[in-house]
S.K.: 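Below is the structure I would like to discuss, written out as structure tokens.
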Amino acid sequence: MKDLSSLKDLGLETSDTIIIGVVVLAFILTVRAFGSYFARFNNNINDFFFSGQRFSWWLPAASMVATGIGSYSFLKYSEQGYNTGMSSTMTYMNDWFAVPFFVFGWLPIIYFSRIKSVPEYFERRFNTFARYIALVILLAYMFFYIGYNFFTLGLVFDELFGISQMYSIPIIGIFIGAYVTFGGQTAVIFTDLFQGIMLYVAGFIAVFAGIYALGGFTEWWGWLPESHRLPFVHLTDNPKFNTAGLFWGEALAGSIAFGFMNQGFLMRYLSIKSVDEGRKAAFFNVLVTLPVSAIIVGAVGWIAKSLIMKQAAEGGISGYESFQITDTFVTFLIVCWTTVKQNPWVFGFVLSALLAALMSTTDTLINACAAVGIYDLYKPLVKKDADDAHYLKAARWVSVVTTIIGMLLVVWFVNQDGSLMSIHYKGIMIIIPAIVTTIFLGAFWRNFTALAACVSMIVGSVVTVMSVWSPEWIDGLAAFVSGPQNGKYYYMRALFGMLLTGTVGVAVTLVQHWFFPKSVKDNLERSNGLTIDTLDKAMENYKDGIPNHEIGEKVYELNIQIDDSLEKNYVSMNAANLETLKAKDEDLVYIADSRWYLGGLRSNHVKVKLDNTLENQTIKMSKATHTEAYLLEGKKLNIEKIF
Amino acid sequence: MEQKKSLNLIVPALILFTLVFVYYFPRFLIDSLGEANPWTSYLYLYGFGGYFFMIGLLLITKTGSCKFGRGRDTKWFTILCSGFIALMTLHAVWIHLALSIPVKSGVN
């Protein structure tokens, strides 16, 4: 029986290593080619970061698959699946509680207000000081993730090929930095779509190979211990993975952080053509993408447990080499190598999925950091009124700098003790509670003031950091969570931080309103359109008119007639077509190339006008409108009303 | 004084109630079922989760962010509630199957 504590123990032949390397390299080059093609769809800075709010829901939703699964996910969740079983799905399947706040609150607020970043929201909702406090916290969050992804990729390369992180990380960093730098958000979305598909295919291969080795689904379930079958882990027992902590740390703080402040995800939602489509993407993400992803990243660990149990009971698995896992960190790779019967081509393909996971998460984060760098630092502080070409150039430089900082942060991660899971949550649970709570209060409580936002973010962040050295402060909230003192409060620190920030924020707001009403006199006016109860105003601003909510039907396969006398970003149609759309003069509509599989790549938002001289199924627009929507001559288009 | 009058007290009241709930609910569950019972974890998650989910529904309907009959709001609201029930049911069935189907190795 092989006792495997590292991949070096697999005893890969040189020829196997070369084949695996060739498959991985082929994958990298394919992704690079994909990214380069879509780099052409960047006319301006809005396209570079947000792809011009034009995509159908399924495109960003599908590309979010790859973004949501980091390189560490396969390793971390397979390890967790092996140790605690199907409860490894918990972090992926507990997001529903925050969905009402997102789909009816935060999403329409940022979309209709055309908010580019969370710090920008803080400036508009509160003041400049709040913006920069939020910026510091947000950058800490983003850089933490970028550094962590580079770090875990370096570990994989070290384990598998024996390539030092010193070399593997700069090479991968330069590669990712290059296509993000030149491609922008459109390249990121399309390469992530491709990588997401690859990731799912490779993940399913690993799962099916494992189930096949076991002799079928019933065998897998039958050999799985009861503790490993359960969807939830013990309420309090394991200090690093318990239901109580996961609820506060992951289901609330983590989900809100991912949905509300992860700039990468926000930019995906802001690239979608309408809020309605954004809701579709959000529901699809929580109901389909996340559960499937939970299976893809964790199932190999569950299979490993059944294999070990069956092997122990029956003395081996017929047709497969016996093995024992002593280092659970490499569970995914060891089980996969064994169950694909040491086939280097298949294994190389599965390994490419790990790479896809890393690249797709990191490219999104680099693009997101660049967006924050331009909109929150460069534009307001360095050069206010430059043209788009200048900002596009600056954005590319910021992407380069972001990549370099991310790579440098690996030095810090290398010096951290503990498992991948513990390093991850130790950092995240300190960074997010204060800002998550402040965003929440800002978006959902109109009376929440600028002073309260600043004070609560500073106090919340500082005290949460200090609780690392004084964990006894959290005792009152989490005394029943057992475990060693130093590892006790990974998750419950999030609850502590959120409650503290919330209490300070509410207290300061109430004191201001009750005792210093003059200090909050402009609060209501400033928050108009930026809170959940003022969304009607936000919609009016977005449309620059009164929204028309009547539901119409889409009109398909329209012929385009070019007429330069029509204003830019206006189209005209006859009364019959407008009636089908249930649209009136000046309503906001969305035009797109009729080929659905483009997902809105060639499309734009425009306003519609009545023109009864036009025939049915004909739409008129200027050449400028046609060009700006990336439409092609001779191709038909579809139109639908936004509101 | 105008500001004081218009100040909405629902949020502070909810936060106060939440603090009390956060403190007593887990203790009630542990006293009733024990920490190791799989249903304790289930009820903890859906108890607290359900509480926040309900606050979310209350908030979006009371503030007018979700208006029944406007656009597709009713449809989204229905999906929202159905999704919650579906996930809650899925997890309950999952626990039931995990506990009721015998394990081949006899190891629990």
Side-chain angles (χ1 to χ4, degrees), chain A residues 86 93-94 96-101 103-105 108 219 221-227 229-237 243-244 247 251-252 276 279 283 286-287 309-310 312-313 441 444-447 476-477 480 495 499 502-503 506 510 513-514 517 520-521 532-533 535-536 549 551 643, chain B residues 1-4 6-8 11-12 15 18-19 22-23 26-27 29-30 35-38 40-42 44-45 48-53 55-57 59-66 70-73 76-77 79-80 83-84 86-87 90-91 94-95 97-99 101-105 107-108:
Chain A
M86 299 182 80
M93 291 182 67
N94 57 14
W96 198 258
F97 313 125
V99 173
F101 300 98
V103 296
F104 277 106
E219 282 289 293
W221 182 255
W223 286 105
L224 203 60
E226 190 178 281
S227 59
R229 290 175 172 183
L230 291 165
F232 305 123
V233 75
H234 190 286
L235 183 69
T236 57
D237 200 26
T243 296
F247 174 75
L252 281 194
D276 242 20
R279 285 175 179 149
F283 282 121
V286 183
L287 279 178
M309 299 302 287
K310 187 174 181 178
L441 285 171
F444 297 110
W445 190 28
R446 201 175 173 193
N447 287 305
L477 292 167
F480 53 86
L495 171 61
L499 285 179
T503 307
V506 171
L510 292 179
H513 278 280
W514 284 337
V520 292
K521 64 177 188 293
I532 191 169
D533 49 348
L535 278 174
D536 286 339
H549 291 289
I551 298 174
F643 54 51
Chain B
M1 291 304 284
E2 279 298 307
Q3 289 284 331
K4 187 178 170 182
S6 67
L7 182 62
N8 188 344
V11 172
I15 288 177
T18 304
L19 287 173
V22 165
Y23 188 82
R27 284 160 178 81
L29 279 182
I30 291 168
E35 287 182 43
N37 189 326
T40 308
S41 292
Y42 175 82
Y44 186 96
L45 192 73
F48 275 127
Y51 175 70
F52 284 101
F53 186 76
I55 289 178
L57 295 187
L59 203 61
I60 62 175
T61 47
K62 290 283 175 200
T63 55
S65 159
C66 172
R70 181 184 68 182
R72 296 182 176 84
D73 285 9
W76 294 128
F77 189 84
I79 292 174
L80 208 49
F84 181 80
L87 282 172
L90 171 81
H91 275 134
W94 188 343
I95 293 175
L97 291 176
L99 299 177
I101 297 176
V103 178
K104 283 192 173 183
S105 63
V107 176
N108 285 332

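Residue numbers begin at 1 in each chain, while the letters A, B, ... track the order of the sequences.
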S.K.: At what distance, to the nearest 0.5 angstrom, does OH of B:Y44 lie from CG of A:L235?
M.R.: 6.5 Å

S.K.: In terms of heavy-atom proximity below 4.5 Å to chain A, should B:L90 be classed as side chain, backbone, both, or neither?
M.R.: side chain

S.K.: Identify, with sequence neighbours excluded, every residue that meets side-chain hydrogen bond (donor to acceptor under 3.5 Å, both in side chains) alongside B:R70.
M.R.: A:D536, B:D73

S.K.: Looking at A:A251, A:A98, A:G502, A:P100, which one has more heavy-atom pairs under 4.5 Å with chain B than the rest?
M.R.: A:P100

S.K.: Where does A:V233 contact chain B at under 4.5 Å (heavy atoms): side chain, backbone, both or neither?
M.R.: backbone

S.K.: First locate atom OG of B:S41, then atom CG of B:L29, and finally report the distance between them rounded to the nearest 0.5 Å.
M.R.: 9.5 Å

S.K.: Please look at A:L230 and chain B and tell me whether the side chain, the backbone, both or neither of the residue comes under 4.5 angstrom of a heavy atom of that chain.
M.R.: both

S.K.: Once rounded to the nearest 0.5 Å, what's the spacing between atom CZ of A:F104 and atom CH2 of B:W76?
M.R.: 8.5 Å

S.K.: Give, as side chain, backbone, both or neither, the part of B:I79 having an atom under 4.5 angstrom from any heavy atom of chain A.
M.R.: both

S.K.: Who are the ring-ring contact (aromatic ring centres under 6.0 Å, His included) partners of A:F101, not counting sequence neighbours?
M.R.: A:F440, A:F444

S.K.: If you count heavy-atom pairs under 4.5 Å between each of A:D276, A:V99, A:L535, A:D533 and chain B, which one has the most?
M.R.: A:D276

S.K.: Heavy-atom cut-off 4.5 Å, strictly under: side chain, backbone, both or neither for A:I532 against chain B?
M.R.: both

S.K.: Most heavy-atom pairs under 4.5 angstrom with chain A, which of B:I60, B:L97, B:T18?
M.R.: B:I60

S.K.: Shorter than 4.5 Å, heavy atoms on both sides: which option in B:G71, B:S65, B:G56 has the most such pairs with chain A?
M.R.: B:S65

S.K.: Nearest 0.5 angstrom please: A:E226 CD to B:I95 CD1, how far?
M.R.: 11.0 Å

S.K.: What part of A:F283 gets within 4.5 angstrom of chain B, counting heavy atoms only: side chain, backbone, both, or neither?
M.R.: side chain

S.K.: Sort B:I55 into side chain, backbone, both or neither according to what part of it lies under 4.5 angstrom from a heavy atom of chain A.
M.R.: both

S.K.: Could you state the interatomic distance from CH2 (A:W514) to CG (A:L510), rounded to the nearest 0.5 Å?
M.R.: 4.5 Å

S.K.: Is the shortest side-chain heavy-atom distance between A:W96 and A:L287 below 4.5 Å?
M.R.: yes

